[in-house]
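Working notes, beginning with the structure itself.
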Amino acid sequence: KTFEPKIKKIKSTNQINIEYVNHACLIFKSNNFKFATDPWTVGPAFNTGWWLKHKSIKNWKYELDSCDFIYVSHNHPDHLHELTLSNLRKDMPIIVPNFISKSTKLLIEDLGFKNLIELDFENQYKFKNTSLVLTILKSGDLREDSGMYLSVGNFTCLLTVDANNLNFLRLPKVYFLASNFAGGAHGYPLNCENYKLKDRIKMTDTEKKFQKAIKIKYLDFIKPKYFLPYAGFFTEKLKRDNLYIKHNKKNKIKDYIGICNKRNINLLDVEEKRKFTFKNLKLIKKEQCKGPFYKDLNEKEYLKYFQKKYAKIDFKYIENYFKNSNFHDNSILYVSLCNDNFKTTESNFKINFIEKIEFNIIKNSALQKGLEKNKKFLYLKIRKEAFLNTIYNKKPWEDISIGFQMMQFRKPNIYNNRFWFHFSNNYVSNKYVKSVSDCSACNTIKQDLDNIMYVKSKKKNKIFKKVL
């Protein structure tokens, strides 16, 4: 018999308000609790590869700061978003899964938060003197990812976020399901030069269809009364990412209308209504958010900022970064720091992950010989500012791959899970990455961007026009 999780239910007649803020950020509110999930409300994610599809409400900071706690599902920057979190009060209780590597917890602590609460998987937790009961479920793959299963009285809810095979597909029956739906959340296969472009495009289309098929499987098993698609509202904006703008097609909410109608499931479209109120297992109100909305910098200003901030290459820092990584698998990593279109190379590195890690700066000719001679390597062409932002700030390397910031060639053509897990989970944060560089000892991104926005607003102000 298949094991099915069952959440405890505490008698309650409270109404539940669920508000879509942006992407994977939802706010749950009742008369005695308020919490938010995975806040990303401003700026880009994944080294300027991802951009919010929707506008955030103007008072998003107040709405998040007034929460009792925030749940961060995993360490990807569209869920653990540095700029958004940097704007919030540092005494905010933040719930994180108790992952083995502690990467999510450590990266949030690096932002100055002190009240981190690690929850063990499948244990049930009651929030203070309320009827809110929740449990954290682990993804069923090799990644560190999670979802949340909760109840408020008879109202049961499952947030799968974008975790693959959540809880190893031991899923509960719930009243309300919020889940990812779009696909397109990978750099692969479009970034993999082992394949011809036409084949990469076909693989991308197959992945899109697979994502929808998996969601149908979830809907058939969970049998929710309501389904809210979320955690897929990102887009590509910069011209340099035209490959993904053109070919990284995603599922849309409307693609699920027939699927839900056939199963007698009510589809909640956050692109039409953003606020939903439930009482006694009935949806009693749907509301649209008409603004005002937050006015952000445009994508060109963000890119200009990142490229200027991460222009200086600290070769000694990079050497120490790799030599202290404690990663060994007898493979070779080649890295070329490139321009926007991955054509012009500024620097090349060769890292041999043998017992005593070897690091070398190499010329283009040596790189070409190595790629022809060696039988086991990973070659990454990475945009310069994305690479430096990631290693100077001790972030996960998946920020580079998922963020469309690299092209790769693998020999053999096999995904090296040990490499990507180590540099995306184990070897992150100030606790584990001990290398220090003047390049990373500067103002926080929030302070930098505040200065940009402040100067920009002064230039638009007629009162100061004569003196500027």
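If you read the sequence from its start, that first residue is 1, and numbering goes on from there. Heavy-atom basis, side chains included; hydrogens, waters and symmetry copies ignored.
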Check residues 184-192 and write down every donor-acceptor pair under 3.5 Å in which the side-chain atom is one partner and the other belongs to a residue at least two apart or another chain.
residue	atom	partner	partner atom	Å
Y188	OH	Y195	OH	3.4
N191	OD1	Q408	NE2	3.0

Quiz item: In terms of ring plane angle, is the pair H23 and W50 parallel, tilted or perpendicular, where the classes change at 30° and 60°?
Solution: perpendicular
Exercise. May I ask you to decide if the ring planes of Y321 and F423 are parallel, tilted or perpendicular, using 30° and 60° as cut-offs?
Key: tilted
Exercise. Identify whether the distance between the nearest side-chain nitrogen and carboxylate oxygen of E118 and K102 falls below 4.0 Å.
Key: yes
Quiz item: Is the Y20-Y230 ring centre distance short of 6.0 angstrom?
Solution: no
Quiz item: Taking the side chain from K249 and the backbone from K246, do they hold a donor-acceptor pair closer than 3.5 Å?
Solution: yes
Quiz item: Within a reach of under 6.0 Å around NZ of K304, are more than 12 heavy atoms found that belong to other residues, nucleotides or ligands?
Solution: no
Exercise. Could you tell me how the ring of H422 sits relative to the ring of F327: parallel (under 30°), tilted (30 to 60°) or perpendicular (over 60°)?
Key: tilted
Quiz item: What residue among S73, S101, S139 forms side chain to side chain donor-acceptor pair (under 3.5 Å) with E144?
Solution: S101
Quiz item: For T41, does its backbone N or O pair with a side-chain atom of S56 as donor and acceptor, under 3.5 Å?
Solution: yes
Quiz prompt | Within 45° cone of F234 ring axis and under 6.0 Å: K250 NZ or CZ | solution = yes
Quiz item: Under 6.0 Å from the NZ atom of K252, do we count more than 12 heavy atoms belonging to anything else shown?
Solution: no
Self-check item: Ring-face cation contact, F233 with K53, 6.0 Å cut, 45° max
Solution: no
Quiz item: Counting distance only, does the side-chain N/O of N374 pair as donor-acceptor with the main-chain N or O of F377 below 3.5 Å?
Solution: no
Quiz item: Just wondering, are more than 12 heavy atoms of other shown residues or ligands nearer than 6.0 Å to OH in Y415?
Solution: yes
Exercise. Tell me, please, whether Y218 has K215 positioned over its six-membered ring: NZ or CZ under 6.0 Å from the ring centre and within 45 degrees of its axis?
Key: yes
Quiz item: Quick one: does W40's side chain get under 4.5 Å of N22's, heavy atoms only?
Solution: no
Quiz item: In terms of ring plane angle, is the pair H74 and H76 parallel, tilted or perpendicular, where the classes change at 30° and 60°?
Solution: perpendicular
Exercise. Look only at the side chain of N194 and the backbone of R410, and say whether a donor-acceptor pair between them is shorter than 3.5 Å.
Key: yes
Quiz item: Got a salt bridge between K395 and D399, using NZ or NE/NH1/NH2 to carboxylate O under 4.0 Å?
Solution: no
Quiz item: Strictly under 6.0 Å, is that where the ring centroids of F99 and F121 end up?
Solution: yes
Quiz prompt | Residue among K237, R383, E385, R240 satisfying side chain to side chain donor-acceptor pair (under 3.5 Å) with T48 | solution = R240
Exercise. Please determine if K209 and D205 form a salt bridge, counting it only when a charged side-chain N lies under 4.0 Å from a carboxylate O.
Key: yes
Quiz item: Is any side-chain heavy atom of N360 closer than 4.5 Å to a side-chain heavy atom of F349?
Solution: no
Practice problem: Could you tell me whether the side chain of N339 and the main chain of T344 form a donor-acceptor pair under 3.5 Å? | Solution: yes
Quiz item: So does R89 pair up with D91, basic N to acidic O under 4.0 Å?
Solution: yes
Quiz item: Any donor-acceptor pair under 3.5 Å linking the side chain of N341 with the backbone of K343?
Solution: yes
Quiz item: Taking the six-membered ring for Trp, is the centroid-to-centroid distance between F69 and F35 below 6.0 Å?
Solution: yes
Exercise. Indicate yes or no: at least one non-hydrogen side-chain atom of L171 is less than 4.5 angstrom from one of Y149.
Key: no
Exercise. Go through K381 and E193 one step at a time and tell me if the salt bridge (Lys or Arg N to Asp or Glu O under 4.0 Å) criterion holds.
Key: CA-CA 11 Å; K381 294 186 287 186; E193 295 182 318; 3.3 Å; yes
Quiz item: Quick one: does N416's side chain have a donor or acceptor within less than 3.5 Å of a partner on F419's backbone?
Solution: yes
